[in-house]
Amino acid sequence: MSILIAYYSWSGNIRKAAEAIQKKTGGILFEIIPEPPYTSSYNAVVNQAKEEIRKGFKPALVSLPRDMVNYDTIFIGSPNWWSTLAPPVSAFLGAFDFSGKTVIPFISHGGGGLANCASDMAVQCPGSKTAKPFAFYGEANEAELDSWLAETGAAR
């Protein structure tokens, strides 16, 4: 099984989870980076992201993996921004055909839980198999992450 762990992380929580998933699965990490990047100002990002989500805006990305055809399982990490995926993640999903691939969402949140993130991801990845998502508040709990990874069948 060839595994890619693609993620967008503004605060660092998704990055930490992606790195833990990589260590436990042996997959390849790919950071989704918008161009231009979001500011480090929380309030400015809140306003910008709300407007982008309202308009369905998908930012340009610094790069994309060139070898997506080689991966059959793709973990995709995003913060829950207003009950959906962060715009850079939607831009990443829109760049590829995920037909026949297994897509596994992992979502950080500040109290909103999974909300529509997994269902929105499934809609943006038609023809894919969406596995059980993992949602976590703040930083991922390692025991819960391990249990979820065992359920996905991707853990080494």
Side-chain angles (χ1 to χ4, degrees), residues 2-42 44-110 112 114-136 138-140 145 148-149 152 154:
S2 229
I3 298 172
L4 179 70
I5 303 118
Y7 68 94
Y8 170 71
S9 186
W10 181 80
S11 70
N13 292 333
I14 284 287
R15 177 180 292 107
K16 289 175 189 172
E19 290 168 350
I21 292 166
Q22 191 278 326
K23 287 177 185 167
K24 295 167 188 296
T25 65
I28 302 298
L29 279 176
F30 180 82
E31 183 175 9
I32 300 167
I33 303 171
E35 180 61 44
Y38 290 100
T39 178
S40 60
S41 166
Y42 176 80
V45 167
V46 165
N47 292 331
Q48 179 181 351
K50 275 184 184 179
E51 186 67 13
E52 289 177 353
I53 289 167
R54 187 182 67 73
K55 291 181 176 179
F57 176 76
K58 295 178 183 175
L61 301 178
V62 169
S63 66
L64 293 168
R66 288 182 166 74
D67 53 358
M68 282 296 282
V69 69
N70 296 330
Y71 299 105
D72 51 7
T73 300
I74 301 143
F75 287 86
I76 301 176
S78 177
N80 170 347
W81 281 0
W82 299 274
S83 298
T84 193
L85 303 168
V89 174
S90 290
F92 175 84
L93 296 175
F96 298 104
D97 179 1
F98 290 91
S99 296
K101 298 184 182 295
T102 299
V103 174
I104 308 174
F106 61 105
I107 307 296
S108 67
H109 64 87
L114 188 59
N116 299 319
C117 294
S119 60
D120 289 350
M121 191 177 293
V123 167
Q124 293 179 52
C125 299
S128 70
K129 174 186 172 197
T130 305
K132 179 182 177 184
F134 179 60
F136 55 94
E139 290 188 22
L145 182 69
W148 169 69
L149 283 172
T152 69

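The structure presented is a predicted model; accordingly, all values stated were derived computationally and were not measured. Keep in mind that the numbers below use all heavy atoms, side chains included, and drop hydrogens, waters and symmetry copies. One is the number of the first residue; the rest follow in order along the sequence.
Thr73 contributes atom OG1, which lies 10.0 Å from atom CD1 of Ile5 (distance to the nearest 0.5 angstrom). The distance from the OG atom of Ser128 to the NZ atom of Lys101 is 10.5 Å, given to the nearest 0.5 Å. With rounding to the nearest 0.5 Å, the separation of CD1 in Ile3 from OG1 in Thr152 is 7.5 Å. Note that OG of Ser78 and NE2 of His109 are 12.5 Å apart. Values are rounded to the nearest 0.5 Å. Between Ile76 atom CD1 and Phe30 atom CZ the span is 11.5 Å, to the nearest 0.5 Å. Here the OH-NZ distance, from Tyr7 to Lys16, works out to 12.5 Å after rounding to the nearest 0.5 Å.
Proximity of Leu114 to Asn80: side-chain heavy atoms (C-beta onward) are nowhere separated by under 4.5 Å. By the 4.5 Å heavy-atom criterion applied to side chains, Leu85 and Leu93 are counted as neighbours. Using a 4.5 Å heavy-atom threshold, the side chains of Thr130 and Met121 count as separate. Taking the side chain as every heavy atom from C-beta outward, Pro88 and Trp10 never approach each other to under 4.5 Å. The side-chain heavy atoms of Ile74 and Met68, taken from C-beta on, include a pair separated by under 4.5 Å.
Between the side chain of Ser83 and the backbone N or O of Asn116, no donor-acceptor pair lies under 3.5 Å. With Trp148 contributing its side chain and Lys132 its backbone, the two residues share a donor-acceptor pair below 3.5 Å. The closest donor-acceptor contact from the side chain of Trp81 to the backbone of Val46 lies at 3.5 Å or more, if one exists at all. When atom types are taken as modelled, the side chain of Glu35 and the backbone of Leu61 share no donor-acceptor pair closer than 3.5 angstrom. Ser2 places a side-chain N or O within donor-acceptor distance of the main-chain N or O of Asn70, the cut-off being under 3.5 Å.
In Lys24, the NZ atom is crowded: over 12 heavy atoms of neighbouring residues, nucleotides or ligands sit closer than 6.0 Å.
Nearest heavy atoms, Ile53 versus Pro87: CG1-CG, 3.9 Å. Taking both residues in full, the closest heavy atoms of Pro126 and Asp97 are given as O-OD1, 4.4 Å, listed atom of the first, atom of the second, then distance. Looking at every heavy atom in both residues, Ala131 comes nearest to Thr102 through CB-CG2, 4.1 Å.
The only member of Leu145, Asn13, Ile14 that meets side chain to side chain contact (heavy atoms under 4.5 Å, CB included) when paired with Glu139 is Asn13.
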Go through it in stages, so that I can follow the logic: the residues are Phe134 and Leu149, the test is side chain to side chain contact (heavy atoms under 4.5 Å, CB included), and I'd like the CA-CA distance, side-chain angles, deciding distance and then a yes or no.
CA-CA 9 Å; Phe134 179 60; Leu149 283 172; over 6 Å; no
In sequence, state the C-alpha distance, the side-chain angles, and the governing distance for Tyr8 and Tyr38, and then conclude on side chain to side chain contact (heavy atoms under 4.5 Å, CB included).
CA-CA 11 Å; Tyr8 170 71; Tyr38 290 100; 3.0 Å; yes
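Ring geometry, Phe98 versus Phe92: the interplanar angle falls from 30° to 60°, so the pair is classed tilted.
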